[in-house]
Amino acid sequence: MAQLDNFTEGRKPVTFVDLFAGAGGISEGFMQAYTDHNYYDFVLASDINDNCELTHRVRYNVLKAA
C-alpha cells in the first residue's frame, strides 16, 4: 500500500470506465499511462462474455456487482 501512496501523492486521479471491455487491453493501457500530475483510476469494466468477466476479476481483483 505504501507504494501506491507514493505513486499517487501529488497526482490527480482521472477515473474511467471500460465498456465492451473484452480481455481488458484498454483498461491495462490506461492503468500503465500516467503523467507527473495525473494517473488513471480504473472504476468499472463491462462485457457480456463470461470469460472476459473472469479475466477482469482475476487480473484487477474486482468483486462481481450485484
Side-chain angles (χ1 to χ4, degrees):
M1 189 67 173
Q3 290 177 334
L4 179 60
D5 291 339
N6 288 341
F7 176 77
T8 59
E9 185 178 335
R11 291 187 171 118
K12 180 181 175 185
V14 177
T15 56
F16 73 96
V17 297
D18 190 356
L19 303 177
F20 315 105
I26 291 183
S27 297
E28 189 66 32
F30 271 108
M31 291 177 67
Q32 291 183 20
Y34 60 90
T35 67
D36 291 338
H37 305 288
N38 296 315
Y39 68 95
Y40 293 94
D41 187 21
F42 177 37
V43 178
L44 173 80
S46 176
D47 201 288
I48 61 171
N49 185 295
D50 291 338
N51 288 329
C52 293
E53 177 189 345
L54 179 60
T55 299
H56 274 267
R57 291 180 72 189
V58 171
R59 169 60 181 99
Y60 303 112
N61 195 25
V62 295
L63 301 173
K64 187 172 182 176

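In what follows, every heavy atom counts, from backbone to side chain, and hydrogens, waters and symmetry copies are set aside.
Gly22 and Cys52 make their closest contact through O-CB, 3.2 Å (heavy atoms, listed as atom of the first residue, atom of the second, distance). Residues Thr55 and Ala23 share a closest heavy-atom pair of CG2-O, 3.7 Å.
For the atom pair Arg11 CZ and Thr8 OG1, the distance stands at 8.5 Å (nearest 0.5 Å).
For Ser27, the side chain to side chain donor-acceptor pair (under 3.5 Å) partners are Asp18, not counting sequence neighbours. For Phe30, the side-chain contact (heavy atoms from CB on, under 4.5 Å) partners at least two apart in sequence or on another chain are Phe16, Ile26, Tyr40.
Clustering of Ile, Leu, Val, Met, Phe, Trp and Tyr by side-chain heavy atoms under 4.5 Å joins Leu44 with Val17, Leu19, Phe20, Val43.
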